[in-house]
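Worksheet: the structure to be examined is printed underneath.
Letters A, B, ... mirror the listed sequences (proteins, then strands); counts begin at 1. Computed from a prediction, not measured in an experiment: that's the story for all the values here.
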Amino acid sequence: DAKTTQPPSMDCAEGRAANLPCNHSTISGNEYVYWYRQIHSQGPQYIIHGLKNNETNEMASLIITEDRKSSTLILPHATLRDTAVYYCIVRASYDKVIFGPGTSLSVIP
Amino acid sequence: DGGITQSPKYLFRKEGQNVTLSCEQNLNHDAMYWYRQDPGQGLRLIYYSQIVNDFQKGDIAEGYSVSREKKESFPLTVTSAQKNPTAFYLCASSTGQGKIYNEQFFGPGTRLTVL
């Protein structure tokens, strides 16, 4: 699995969009980009995934650059409940998943 | 409700004792996983199983053992050989190999403290 790098922490004002970046410069052609988040002392929660195209669901949007070497998770209107650690993972369609330290997002009132 | 259950939420053991952590899922998922998380760190894979009666070592399997006798159950035993067992343990499941959109579903975790 390709390695990812994320900023260790970010702040976002409540109601604003939170844009969380992820670099995955060694991603291979069959690897998907997945995002999970973990609220303190709970299990991680799946958010969204994509391969090449931008994706949107009820939780977030995922923007993947054309060269696929980086991506951005967008939470359109951050709330206090979005305060969590966000993990960016890249993987092919087999089962191992490698979680790095992620980005700790703090949503400020 | 479908999901993954882990019990207990908090577990205390004396040093030198083996302890077994429970993980059960009713999602009909083929694959199950155990991860360990230390404070401020990401998750590290201990063991995973893609099918009943089969499992593979992850990155940090030493001092741990698992079994997969039933599809819905994947218990983890932390043995006395594990040098630093105090950690947060997470179980997860996913649809099987070959499925493209196989995101993992996680349980609530068990916090093990060895005294």
Side-chain angles (χ1 to χ4, degrees), chain A residues 1-9 20 22-24 28-53 55-60 62 73 84-106, chain B residues 3-7 9-10 21 23 25 27 29-51 54-61 68 74 87-112:
Chain A
D1 286 335
K3 184 178 177 181
T4 62
T5 55
Q6 300 175 252
S9 64
L20 291 88
C22 179
N23 287 322
H24 31 80
S28 58
N30 64 340
E31 287 184 310
Y32 284 73
V33 180
Y34 285 77
W35 283 83
Y36 289 78
R37 73 179 182 185
Q38 185 177 25
I39 296 170
H40 183 63
S41 296
Q42 297 181 22
Q45 174 192 25
Y46 165 80
I47 301 173
I48 199 168
H49 73 277
L51 182 63
K52 289 189 288 189
N53 299 322
E55 302 288 343
T56 295
N57 63 21
E58 64 279 5
M59 289 182 68
L62 173 61
L73 177 75
V85 177
Y86 288 77
Y87 299 100
C88 168
I89 299 114
V90 292
R91 56 186 284 224
S93 58
Y94 56 89
D95 295 303
K96 282 186 66 174
V97 180
I98 300 171
F99 287 78
T103 295
S104 178
L105 175 69
S106 295
Chain B
I4 301 175
T5 57
Q6 291 184 246
S7 60
K9 188 170 177 65
Y10 298 96
L21 280 60
C23 177
Q25 55 98 359
L27 300 167
H29 285 168
D30 292 312
M32 296 187 74
Y33 315 77
W34 274 105
Y35 293 88
R36 169 184 172 135
Q37 187 174 34
D38 293 288
Q41 306 293 314
L43 280 66
R44 292 185 289 168
L45 184 65
I46 304 173
Y47 270 98
Y48 65 101
S49 167
Q50 295 181 349
I51 197 169
D54 185 55
F55 47 83
Q56 307 293 329
K57 291 182 179 180
D59 301 317
I60 55 164
R68 186 85 187 276
F74 191 40
F88 188 45
Y89 290 88
L90 288 156
C91 179
S93 71
S94 70
T95 55
Q97 189 172 12
K99 298 287 193 284
I100 295 175
Y101 305 120
N102 50 350
E103 68 266 25
Q104 295 193 347
F105 294 82
F106 284 83
T110 292
R111 192 166 298 279
L112 173 65

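For A/Tyr87, the ring-ring contact (aromatic ring centres under 6.0 Å, His included) test picks out A/Phe99, with sequence neighbours left out. Qualifying ring-ring contact (aromatic ring centres under 6.0 Å, His included) partners for B/Phe88, counting only residues two or more places apart in sequence or in other chains: none.
Both the backbone and the side chain of B/Leu43 come within less than 4.5 Å of a heavy atom in chain A. Neither the backbone nor the side chain of A/Ser104 comes within contact range of chain B, judged by heavy atoms closer than 4.5 Å. Looking at B/Arg44, neither its backbone nor its side chain comes within 4.5 Å of chain A, counting heavy atoms on both sides. Neither the backbone nor the side chain of B/Gln56 comes within contact range of chain A; no heavy atoms are under 4.5 Å apart.
Between B/Leu90 and A/Gly43, the closest heavy-atom pair is CD2-CA, 3.5 Å. In terms of heavy-atom proximity, A/Ser41 sits nearest to B/Arg111 at OG-NH2, 3.5 Å.
With respect to chain A, the highest number of heavy-atom pairs below 4.5 Å among B/Pro108, B/Gly109, B/Ala92 belongs to B/Pro108.
In this structure, B/Glu103 and A/Tyr36 have side chains that are in contact, with non-hydrogen atoms separated by less than 4.5 Å. Proximity of B/Phe106 to A/Gln38: side-chain heavy atoms (C-beta onward) are nowhere separated by under 4.5 Å.
Enclosure of atom CD1 in B/Ile51 is not indicated, since only 12 or fewer non-hydrogen atoms of other residues, nucleotides or ligands lie within 6.0 angstrom.
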